[in-house]
Structures are given as structure tokens and as C-alpha cells.
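This report concerns only the one structure given below.
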Amino acid sequence: MVNYYLITAVLAVINLFVLIFIFEPKKTNYYFMILLLLFALTNGAYLAIAVSTSLEEAVLANKISYLGGCFMPPIVLFLIIAICNYTIKPWLRCGLYIYSAIVYFSVLTIGYSNIYYDSIYLDKFMDATVLGHTYGPAHKMFYVILYGYLIIQIALLVYSLVKRRVVSKYSLGAMLLMEVVTISLFIAGRMINPNIEIMPLVYVTDGWFFLYMYRRGMVYNVEDNIAGSFAKQGTYGYIMLDTKLNYLGCNQTAVSIFPGISECVVDHTITKVPEMEVISTWIGEYSQNAKKVFNYENKERHFECRIESIMYGRKVCGYMVELRDDTDRWQKINLISKHNAELQELTVQLEKAKEEAERANKAKSDFLARVSHEIRTPVNAILGMNEMILRESDDDEICNYADDVKNAALSLLSIINELLDSSKIESGMMEIIEENYHLGSVLNDLYTMVSIRAKEKELSLSFEVDEKMPRAYCGDAKRIKQVVLNILTNAIKYTTQGSVLLKVSCNKVEQEEAVLTFSVKDTGIGIRNENIEKIYDAFQRFDLEKNKNVEGTGLGMNIVQQFLKLMGSELKIVSEYGKGSEFSFEIRQKVIDATPIGDFKDKKSYLAKESVQKKGFTAPDAKILVVDDNKMNIKVLKGLLKQNKVQPDEAMSGKECLALTEHNTYDLIFLDHMMPEMDGIETLHVMKEKKLCENTPVIMLTANAIAGDRERYLAEGFNDFISKPVMPQVLNEVLLKYLPEEKIL
Ligand code: ADP
């Protein structure tokens, strides 16, 4: 008989270990754990009674066995309550435990009092010791535990089996079966022989039932216990399904998202419930394409739904659908997409506006180029004719008037040039043309250009040039000259008394490159601090009241800054309002000749040609052809050439030019660009095709002064170009450069 108790005790312990080590990979379920522990403990106590040798030992073991007897029934009840998804009030739960505790305290009186057991004695059944006893009055309380719980449990299970749709009928059925088996075994044991304690066997079989249920429970055990996961409310909704899409359960949040769940019956397929079809579609996609995340919208709420497989070992034994209310994030995403769409729309509009602005800008540039062309032609005539007057008149008064005409025409020309430069820069057509130059020549030109004005205003103008700095560089001398000229002109313009000083120095010379510093300091009206930043804005002028007699367009500084930017530099301005200003910039230039510049006014180094010019020259034998559709222009050029005793042929169209070049050989041809029917470029192309005057240099004569023209004309095959109005000095330079030397006298 002891073996019987031994086997049942061992089996109960095995059940406990099976739960702990095999079925429980992560968390131990509280109720299952406690119950199987109590089974093992109680069966151990029964074994202890069976092997006890004294009454005291048997009594002690009996008291331990009662632990199970007193506390297992309420725990089983709580487990059933949890599985059936009911809740029990804490005070009731506590009350039931207290009742069990009271019963157990009366059990502890065994051996000391007769309230629980009236009498006790040791007996033997087969080889096992039996604790014989007669019951005292308190034992009745134990019957309440025994039968009371049994009745309540069975009632609850039957009720749930019939009524509750949300609890697995397999689990409930298993529990009910366990209760029936327990009662049957108990009654059978009492009937066969009251000396055989049947409870150890009951506990073992109960343990098996619990293990079965626990295994089933694991399929949908998402939280701490089976039923708990379903009962728990939270921000996440959970729906459990087995692999055949049978519904296993869900939590309250899931019901609020999918109200159709209430139509689902546990262990029945969800595919029959219309609202749940979407979930079976997801699971279909999940198992075929491994797509995990789905979006679901319901009553203006948005949910992110995620499918996870529920694994049992390596086998998929079900699916868990997790539902997360994602409305806030979704709304934000929608808002962002809306904003993005708006931004896109705005970008398209801006793009359109930009295109329109560019079109308008292009139209403005074209207009400026046209206007400049139109103005240059008459200015060419004015200056040319005026030059004739200056050259041919001996009357001082008339020469003075002619001088004034010249100055006015030149200043008109400089305004047009500024406008053109600015529009060229704006349209990105301005380019830097690098060539070798002598700094002395640049400075001399500058001095000549500004000294007259300074003298007129009685300002002291001085150039301080570092005598040790290299004398020749490679860079865009024309632009540098224009920049310094602009700054110097302004300094003189905005200074009423005092001085204007240009300082030029060379800071660093390294690897054939030098950093040149130009600074212009004046004692003029100065600029207010707040205006310094604005000085670069086009058409910006300050103190208009004070400067109303100072002419200007407000473009100069803008052009200076743009030119410097093109050359990788920038203008620095230090100014004190009322006291004067200093404008400076640094520019990196390649050194061509490192010989010290010395006194820059000493022109010997670079003025070889100029000296010839100074003397003046004639070329009476030179054969020159002038082609222009404008009679006045031809007259001007002929007038300018008179001094050199040149008698040019004239042609008033491309055709005439071709006819003349067919029969004559020229030393030099001046060809106008814009002519009706055949323009200068076409004419040149035909000449080249027909090999007319093949070796004659052809100079483009144009009123177009847009940057890039030079390259364009050279590429078309011209040898050089002169822009109108034709400056006598430039004309002379061209004659000297292109006429055969033997014809220059
Ligand atoms: P403007 O054609 O009017 O001279 P700029 O662009 O050259 O145009 O200069 C812009 C404005 O900056 C001028 O109108 C003037 O108010 C101010 N400015 C430029 N240079 C000086 C200077 N040396 N001293 C005082 N003010 C100056």
C-alpha cells in the first residue's frame, strides 16, 4: 500500500515538473502552478502518513495533507472563474481564503483538542499506516469546503458551457469532466474501502486535466494567464485564432474595434461572421506573402493591425491579431501628405512664376540690348562728329562746346554700359576673360580717367603703389579696371573736399600667385552704418536730398560686387558717416613678371606702342573697306580715318561688300553686324566660302555690347571687334595691329 502512496506522490511531483519544464517556456501560470504544487505536497503528506511509525508523525503528515484539502477548492474555483471570464470581487476572494484558513486552523488542533478529530489512533491497512479517527464538530466546516465548492464549480461550468460564447468549450468540458471524475473516484473510494485514501489518485488525475488545459491555454496565452489576456483592457486589441481560423478569444479593446467579434463563438470559424472576413483575408495574405501589417479604418478611426504566429515549439498553432489605434499618427501623416500636396502645388506655381520672371528678365535684357544698340548708333555719330569738330576747329569756344558735348555723350554711354553690365550679370552672361596685363598700364589708365574730375573738384588724388610688387599679371584687367574705376569715381563723386587715396599692395606671393589689395580711401560724406549692407542692392542710392546734384544710377556698387564675386573676391567697406569711407578688396592673380613695378608712372615698360600712337601715324596707301548700312556711321569712321590719311571704300550692304571684295584686295575690312538682308556674320561666311579677300583681317563693327560677343565674333571667324561708339584710340590700336607694317608711316 505504501507503494500506492509513493507512486501517487511521485506522479504528482512529475506533473508539477512537467508544467514547470515542458509546458511553461516563459511565464508560469499562477493558478496552475499553485494547484500542481499543492497536489504534489498533499500526495507527499499522504505518503508520509502511510510510512509513519508513530501517531505524532501520522498527525503531522495529516495536517500537511489538509493544506491541499483546505486551499485547493477555492483555487480551483478562482481558476474556473478566470477561464469563464468572470470576475470575482477581492473581498469575496479574501473571505473564501479566510474561511479555508479557519478550517485549516481547526485542523491544526488535531492531537491537542477534539474539535476537529474527536479521537485518533494508528491503524494498519495492508503495509500502510492509517490514521484512524472519529470526527469532531469542526469537521463539518470541511464538508462545506468539499461539497460547497464542488457544487458551485459544477454549476458555474455548466452555466458557462451553455451560455458563454467567448470561452472555449473544450476547456470547460475538460474542467467539468475533471469534477465528475473527482466525485466519482471519491465516492468509489469511500464505497470500496474507507481505509484507502483515494484523494492522492484524484490529485494525480486532476493534474493531468490541468496539464491538458494548460497546453490548450498556451495557444492563446498572450498575457499572464489564459483568461486574463482576454479580460484585460488596454490600448491594444488582441484576437486569437487557431490555424483553422477558429476563434479562440479576444480582449475588450478588440471588441470595441471589431464589434462583430461578439457574434464569434469560441472554437468556431470566424469566416462565417461578415465583419471578420477582413481578418481571414489578412491571415491569408500573411501566410502566403508574409505580409504582417495591415491598415483598417472604422468610424473615422484608423488602426494598424499586425499578425503574429503563435508558436508551439516550431509549429504554428494559431495567430494573434494585434490591433493598435493609430488614428493620431495617421491623422498627422494625412496632414503631412496634405501639406506636401500643397507644397507641391506651391512649388509648381513658384516654378511657373520663376519661368515667367526669367522670361520677363530675358525680355528685359533683350530690350536693354536693343535699346543700347539703338542709342549707341546715334551716340557714335555724336561722338564721331564731335571728334571731327575737335580735330578740325581752331575756334577755342567751339572746341569748349564740343568738349562739353563729348563729356555728356560719354556719360550717357557710361549709363548705358552700367545698365548693360547689370543686365548681363543678372542673366549670367558676364564672363571673366583672363589675359596678361601690366599693372602699371591699368593704374595709369585709371589715373588718367579720374584725375581730371578730381582736379575739377580740387581734391587731392594720390595713388600709393608698393614699388616692390610684381609688375605683370594674368587676369581680367578690364574688369579690375572697371571695379577700381567705379570705386574711385564714387570716391570723387561723394567727396566735396579733402583727398582720395588709392593704395595698391601685394600681400602674398606664393606659387606664382599674388594676392593684390586695392583700397580707396576718401574724406567724403561717408555712409551710415545701416546703409552699408544695402549699398550692393541695384538702384540703391542714399541721402538723395544731399546728393541730388550727384548723378548716378545706383548700379555701380552692385556691378562692382558682382564682378568681384565672379573673380572670387568681395568688397569691404569701412565708413564713418560725415567723415569718409574706405572701400577695399583683395584679388588673387597669377604673376607673369615678378620684376618690381617701381614707379608705375614710368611707362617705359609697357607703353612701346602707345608712344607710336602718341606721335600719330598715317597710312595713305592702306586699302580699307568700311561696310555699314548706316550712312552716318560710315561718315564717322571715314572722319576718324581722315587723320590717318586713309581713304576707305564704302559698302552699304553685305551684297555690296561681296561685290567689292570680289574685285579688290583689302588690307583691312570693317564689317557692321546688324544690316538688313544679309548681316555681317552671314557676309563674312559667304566671303570665306567664296574665298574672297582670304588673308584680309575682318573687324566686326558693332553697337552690340553684350558680354560673350567677343568670343562669339572670334568663333564666327572675325579677327577682332570694335564696339560703337568707336573711340579714336581703339580705332588707332586696331589699325596699328592689323595693317601691314610697311603701310604705316
Ligand atoms: P551711384 O550711381 O548712385 O553712385 P553706386 O551703386 O555706385 O550708385 O553707389 C550706391 C550709393 O552708395 C550711392 O548712391 C551713395 O549713396 C553711396 N556711396 C557709394 N560710394 C560712396 C562713397 N565713396 N562715399 C559715400 N557714399 C558712397
Side-chain angles (χ1 to χ4, degrees), residues 364 368 371-372 375 407-426 430 446-447 449-464 478-504 517-567 569-586:
K364 186 192 83 183
L368 267 173
V371 167
S372 134
I375 297 174
N407 282 338
L410 285 176
S411 97
L412 176 62
L413 205 61
S414 89
I415 292 173
I416 297 166
N417 281 342
E418 279 193 351
L419 282 171
L420 262 180
D421 278 347
S422 149
S423 98
K424 277 182 249 165
I425 293 168
E426 245 180 60
M430 186 59 82
L446 282 169
Y447 194 82
M449 282 190 257
V450 294
S451 56
I452 302 170
R453 184 90 190 265
K455 213 170 174 182
E456 278 169 8
K457 289 187 81 177
E458 292 174 1
L459 299 174
S460 110
L461 173 71
S462 40
F463 281 21
E464 247 180 59
K478 206 174 150 203
R479 299 283 166 243
I480 295 176
K481 195 154 80 180
Q482 208 173 335
V483 166
V484 182
L485 181 65
N486 255 319
I487 301 173
L488 274 173
T489 317
N490 272 355
I492 295 168
K493 246 167 44 173
Y494 297 105
T495 305
T496 38
Q497 57 182 36
S499 62
V500 171
L501 166 69
L502 168 73
K503 267 191 187 171
V504 187
T517 308
F518 290 82
S519 104
V520 176
K521 205 171 179 176
D522 64 51
T523 55
I525 58 169
I527 307 159
R528 288 179 213 270
N529 258 349
E530 64 269 24
N531 288 339
I532 288 184
E533 277 296 302
K534 294 186 221 150
I535 208 167
Y536 307 116
D537 297 346
F539 306 109
Q540 187 71 257
R541 307 194 71 210
F542 311 114
D543 288 334
L544 288 180
E545 215 22 56
K546 236 175 167 181
N547 297 333
K548 60 175 176 257
N549 294 326
V550 182
E551 61 189 34
T553 53
L555 279 173
M557 285 300 118
N558 177 272
I559 293 169
V560 163
Q561 182 72 336
Q562 304 279 6
F563 277 165
L564 287 178
K565 205 167 148 197
L566 281 174
M567 293 187 281
S569 174
E570 61 173 352
L571 190 64
K572 286 192 193 113
I573 307 172
V574 182
S575 184
E576 199 175 331
Y577 189 62
K579 290 216 164 146
S581 324
E582 185 176 356
F583 290 70
S584 63
F585 66 91
E586 285 186 342

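Atoms within each ligand, like the ligands themselves, are counted from 1 in listed order. Keep in mind that this is a model prediction, so the values were computed, not measured.
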When you compare ligand 1 with [X], is there at least one nitrogen or oxygen pair between them that comes in under 3.5 angstrom?
{"X": "Ile535", "result": "no"}
{"X": "Ile525", "result": "no"}
{"X": "Asn558", "result": "no"}

Spacing of Ile416 atom CD1 and Ile375 atom CD1 [to the nearest 0.5 Å]: 4.0 Å

Sub-4.0 Å heavy-atom contact, Ala491 with ligand 1: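 Yes, Ala491 has a heavy atom closer than 4.0 Å to ligand 1.
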
Sub-4.0 Å heavy-atom contact, Phe583 with ligand 1: yes

Backbone N/O of Ser499 and side chain of Thr523: donor-acceptor pair under 3.5 Å: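 A pair under 3.5 Å: yes.
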
Glu576 side-chain N/O to Gly526 backbone N/O, donor-acceptor pair under 3.5 Å: no

Just which atoms of ligand 1 are under 4.0 Å from any heavy atom in [X]?
{"X": "Ile527", "value": "25 (C), 26 (N), 27 (C)"}
{"X": "Lys493", "value": "1 (P), 2 (O), 4 (O)"}
{"X": "Ser581", "value": "24 (N)"}

Closest non-hydrogen atom pair between Leu461 and Ala454, with its separation: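 So the two residues come closest at CB-CB, 3.9 Å.
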
Exercise: identify the closest heavy-atom pair between Met557 and Asn486: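 For Met557 and Asn486, the tightest heavy-atom pair comes out as CE-O, 4.4 Å.
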
Part of Leu555 with heavy atoms under 4.0 Å of ligand 1, whether side chain, backbone, both or neither: backbone

Pair Ser575-Ser581, side-chain donor/acceptor within less than 3.5 Å: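 Short answer, yes.
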
Proximity winner for atom 5 (P) of ligand 1, if only heavy atoms of Glu582, Met557, Lys521, Lys534 are counted: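 Minimum heavy-atom distance to atom 5 (P) of ligand 1 goes to Met557.
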
More than 12 heavy atoms of other groups within 6.0 Å of Lys455 NZ: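 Count not over threshold, so no.
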
